[in-house]
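What follows is a single structure, written as structure tokens, with notes after it.
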Number of protein chains: 2
Amino acid sequence: MKNRPYHHGDLATELLARAEQTLREKGAAALSLRELAREIGVSPAAPSRHFKSKQALLDALALGGFERLAEATAASQREVGESFAERLDAAARAYVGFTLANAALVDLMFSVKHSPEASEALRAAAGRWSEQLFELIGAGQRRGEVREGAPERVTLPVFAALHGYAGLAVSGMLPAEMAEHGLDDVIASILRQCRPE
Amino acid sequence: MKNRPYHHGDLATELLARAEQTLREKGAAALSLRELAREIGVSPAAPSRHFKSKQALLDALALGGFERLAEATAASQREVGESFAERLDAAARAYVGFTLANAALVDLMFSVKHSPEASEALRAAAGRWSEQLFELIGAGQRRGEVREGAPERVTLPVFAALHGYAGLAVSGMLPAEMAEHGLDDVIASILRQCRPE
DNA sequence: CTACATTGTGAACACCGCATACATTCGAAG
DNA sequence: CTTCGAATGTATGCGGTGTTCACAATGTAG
């Protein structure tokens with residue numbers, strides 16, 4: 001009856017793909033392992049062979065999100081000028097754009113609830129990405145376009161502003177008049193706070 | 001057998017209270033109407049008389065959160081000096097303190113998922129609170145301690161930085177060396193970006 | 001070819017949110 | 001005070017969920 005062989009071949013990746021699709025369309029809360037299995041045409045217990053719990057599936061999604069975010073950030077820096085203002089602008093728009101395009105996923109990534117062992121991998125992936133921000137700031141400092149100071153202590157406020165703006169925009173809590181110039185204003189304020197004396 | 005009368009007397013408020021407690025202790029996902037009813041000693045369907053759905057209960061919690069946040073912010077401004085630096089510092093610590101002390105609740109407040117009619121009330125409560133921030137910035141401008149500009153466009157980056165820092169801190173994504181001076185650095189950067197030319 | 005590890009199945013369990021029909025209590029109008 | 005409707009709590013059931021277990025089918029290494 002079923003044309004599908006007994007073994008699916010690559011259930012894990014198809015689970016992740018479909019999960020991310022439903023995540024995007026209906027949010028994290030509406031994600032159901034059983035429904036996923038039903039869509040793929042596999043028994044309800046099959047997913048548990050690849051993800052020992054629903055949380056594990058979510059952790060895997062979050063991990064992939066960080067990797068893609070890191071890639072998007074790197075890409076934004078590849079074809080842009082060398083001035084700090086340009087590079088920051090590109091990185092900021094890459095980050096906020098990614099967040100707006102993957103709201104539920106980003107929510108997952110920065111969610112508090114992660115299984116302890118996944119937390120390690122997540123922290124690592126997040127670190128691999130935030131290093132790009134350190135490097136961005138560091139380069140600006142070397143060019144004399146960013147004020148002096150320990151890179152982490154200069155980078156944190158920058159990143160916080162971006163993260164905060166993206167979160168506010170996604171939550172729909174921004175009145176229209178703020179959303180319009182919102183990102184521009186945030187970027188401008190970051191440049192102002194980074195300026196050397 | 002039961003000493004409790006047939007009518008509980010104030011089920012709605014006790015539901016909210018217990019819900020917030022479990023929210024704090026075990027997170028939003030672990031919140032169950034049935035378990036709440038069990039704890040209070042009432043039938044599983046009883047809560048539905050006061051909150052037509054689980055989402056309605058969550059909306060009510062979020063609403064209360066905004067009100068308490070507004071109150072905490074107002075309190076932070078009552079017994080503090082008049083300089084912008086002092087007032088911003090107080091408001092910032094009030095906001096970040098509130099989110100750290102009520103992480104899951106704040107998550108709920110800024111979550112995307114709200115029933116349409118609750119969104120209105122939520123937006124209103126959020127507005128009542130954000131007006132305090134506008135006023136904070138406006139007062140700073142009148143004192144000549146904050147750069148000129150439309151209040152919304154000056155306030156947004158300020159609030160974004162605070163919101164973003166709180167989110168990062170809560171998510172545990174901050175390395176130790178950042179978390180230490182983190183808030184201080186964010187506040188300093190806000191002051192820098194607000195400074196007149 | 002045989003043994004073992006991997007992957008998918010089927011049934012079961014204990015939950016959950018929600019809806020419906022019914023019971024009890026409260027409060028106001030007559 | 002009685003009555004009668006509204007508010008509140010109960011009992012039960014439905015369809016859904018995540019997770020676990022024993023078992024079956026398939027792949028793979030020796």
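Heavy-atom basis, side chains included; hydrogens, waters and symmetry copies ignored. Throughout, protein chains are lettered first and strands after them, A, B, ... in sequence-line order, and every chain is numbered starting at 1.
- With rounding to whole Å, B:His50 atom NE2 is found 16 Å from C:dC18 atom C1'.
- When the P atom of C:dT9 is taken as reference, atom CD1 of A:Ile40 falls 11 Å away, rounded to whole Å.
- At the heavy-atom level, A:Leu31 lies under 4.0 Å from the strands shown only through sugar-phosphate atoms.
- Of the candidates D:dG9, C:dT9, C:dC16, the closest approach to any side-chain atom of B:Glu35 belongs to C:dC16.
- Contact check on A:Lys26 versus A:Glu35 returns a salt bridge, with a Lys/Arg side-chain nitrogen under 4.0 Å from an Asp/Glu carboxylate oxygen.
- Distance, A:Phe51 CZ to C:dT7 P: 12 Å, rounded to whole Å.
- Distance CG (A:Asp10) to P (D:dG27): 14 Å, rounded to an integer number of Å.
- Taking only side-chain atoms of A:Leu33, from C-beta outward, the nucleotide of D:dT8, D:dT19, C:dG8 with the closest atom is D:dT19.
- Residue side chain A:Arg34 does not reach the base of D:dG16 through any donor-acceptor N/O pair under 3.5 Å, judged by distance alone.
- With D:dT19, C:dG10, D:dT10 as the choices, the nucleotide that has an atom nearest any side-chain atom of B:Ser43 turns out to be D:dT10.
- Summarising the geometry, the separation between CG on B:Leu15 and C1' on D:dG9 is reported as 12 Å, rounded to the nearest angstrom.
- The separation between A:Lys54 atom NZ and C:dC16 atom C1' is 12 Å, rounded to whole Å.
- Taking a cutoff of 4.0 Å between a charged side-chain nitrogen and a carboxylate oxygen, A:Glu197 and B:Arg195 qualify as a salt bridge.
- The 5' end of DNA chain D is approached more closely, in terms of each residue's nearest nucleotide, by A:Ser32 than by the other of A:Ser32 and A:Lys52.
- Salt-bridge formation is not detected for the pair A:Arg87/A:Glu145: no Lys NZ or Arg NE/NH1/NH2 atom is positioned less than 4.0 Å from an Asp or Glu carboxylate oxygen.
- Between B:Arg49 atom CZ and C:dT24 atom P the separation is 15 Å, expressed in whole Å.
- Nucleotides of DNA chain C nearest to A:Leu11 and B:Ala45 differ in position, and the one nearer the 5' end is that of A:Leu11.
- Of the charged side-chain nitrogens involved, none lies within less than 4.0 Å of a carboxylate oxygen, so that A:Arg128 and A:Glu71 do not count as a salt-bridged pair.
- Out of C:dG8, D:dG18, D:dT10, the shortest distance to the side chain of A:Ala46 is found at C:dG8.
- Annotation for A:Glu79: atom CD does not count as buried by contact number, only 12 or fewer foreign heavy atoms lying within 6.0 Å.
- Of the candidate nucleotides C:dG10, C:dG8, D:dT10, C:dG8 has the atom lying nearest to any side-chain atom of A:Val42.
- When rounded to the nearest whole Å, the span between CG of B:Leu57 and P of C:dC18 equals 10 Å.
- The phosphate of C:dA14 (OP1 or OP2) has no side-chain N or O of B:Arg38 nearer than 4.0 angstrom.
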